[in-house]
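For reference, the structure is listed below as structure tokens.
All residue numbers refer to positions in the sequence shown, counting from 1. Model, not experiment: these values are computed from the prediction. What you see below is based on every heavy atom in this structure, not just the backbone, and it leaves out hydrogens, waters and symmetry mates.
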Amino acid sequence: MSGKIGTAMAERNNSMSDKAEDRRDSPRIPMRLKLRRAGSSADFEERDGDLSLGGCAWNGEGLEAGAQVEARFKLPILPDEVEAKGEVLHVTQGPQGPTVHVRFADMPVEAELAIARHLDDMRLASEQH
């Protein structure tokens with residue numbers, strides 16, 4: 001591998017890990033989520049979980065790492081539900097059982113901005129109390 005390619009790959013990996021780190025630093029807020037496996041014709045299942053910039057998580061079983069999911073959730077600043085597709089990154093075991101962690105993919109910019117605004121609104125509201 002040439003030095004230029006190795007350096008470019010290292011820079012890309014560093015920028016990718018920075019993005020992942022930014023996502024983890026995003027606040028998480030409780031959110032009622034509607035979920036199902038992507039491409040399924042099954043009804044959406046409602047779960048209590050949390051929402052962050054770039055993804056969501058919820059307690060429950062049934063999905064494995066790498067699974068593609070569809071999520072829907074309502075933000076007060078938008079008239080319609082946000083529809084998002086994502087991939088299960090991993091499933092962790094916690095005191096309430098398994099927690100499924102999802103990274104959103106191909107999220108429309110308007111939805112990302114609405115999530116960011118909602119997270120800011122929730123943070124500001126909690127600071128005022």
Side-chain angles (χ1 to χ4, degrees):
M1 179 179 323
S2 78
K4 284 185 179 181
I5 293 173
T7 301
M9 288 177 69
E11 288 173 2
R12 180 174 165 260
N13 288 340
N14 286 342
S15 70
M16 289 174 69
S17 64
D18 289 348
K19 288 178 185 174
E21 192 64 36
D22 289 346
R23 211 176 280 120
R24 277 192 290 271
D25 290 342
S26 170
R28 297 180 179 281
I29 57 164
M31 179 67 58
R32 188 79 176 155
L33 304 165
K34 296 178 184 176
L35 306 151
R36 72 178 177 191
R37 190 176 292 271
S40 170
S41 60
D43 290 339
F44 282 84
E45 291 183 33
E46 289 197 39
R47 300 280 176 119
D48 288 323
D50 64 50
L51 177 69
S52 66
L53 195 57
C56 63
W58 68 89
N59 292 328
E61 298 181 15
L63 293 171
E64 67 287 345
Q68 301 297 308
V69 298
E70 296 175 17
R72 291 182 178 177
F73 49 90
K74 184 76 178 101
L75 296 174
I77 59 178
L78 292 178
D80 298 318
E81 283 184 327
V82 174
E83 296 181 14
K85 292 186 178 181
E87 178 182 353
V88 175
L89 295 177
H90 57 273
V91 179
T92 58
Q93 290 297 323
Q96 287 87 28
T99 300
V100 180
H101 303 265
V102 170
R103 176 181 58 212
F104 295 139
D106 300 324
M107 174 78 69
V109 172
E110 299 81 21
E112 281 190 57
L113 292 172
I115 292 169
R117 181 171 172 200
H118 182 64
L119 293 173
D120 283 346
D121 290 349
M122 297 300 289
R123 180 184 53 81
L124 289 172
S126 70
E127 289 175 357
Q128 292 176 356
H129 288 36

Above 12 or not: heavy atoms from other molecules or residues under 6.0 Å from CZ of Arg32?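 Above 12, so yes.
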Does atom CD of Glu45 have more than 12 heavy-atom neighbours from other groups under 6.0 Å away?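 No, not enclosed.
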Applying ring-ring contact (aromatic ring centres under 6.0 Å, His included), can you list everything that pairs with His101, at least two apart in sequence or on another chain? His90
With a 4.5 Å heavy-atom cut-off, do [X] and [Y] have their side chains touching?
X: Val102; Y: Leu89; result: no
X: Phe73; Y: Glu83; result: no
X: Asp120; Y: Arg117; result: no
X: Asp48; Y: Asn59; result: no
X: Leu35; Y: Trp58; result: yes

Which heavy atom in Leu78 sits nearest to a heavy atom in Ala114, and how many Å separate them?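 So the minimum-distance heavy-atom pair works out to CD1-CB, 3.5 Å.
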Quick check: closest heavy atoms across Ala111 and Val82, and the distance to 0.1 Å?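 Residues Ala111 and Val82, closest heavy atoms: CB-CG1, 3.9 Å.
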Ile29 and its side-chain contact (heavy atoms from CB on, under 4.5 Å) partner, picked from Asp121, Ile115, Leu119, Asp50: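 Between Ile29 and the candidates, side-chain contact (heavy atoms from CB on, under 4.5 Å) is satisfied uniquely by Leu119.
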Nearest-0.5 Å distance that lies between atom NZ in Lys85 and atom CZ in Arg103: 16.0 Å
Could you measure the distance from the CE atom of Met31 to the CG atom of Leu51? Nearest 0.5 Å is fine.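 Here the rounded value is 5.0 Å.
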Side-chain (Glu70) to main-chain (Gly39) donor-acceptor, under 3.5 angstrom: yes
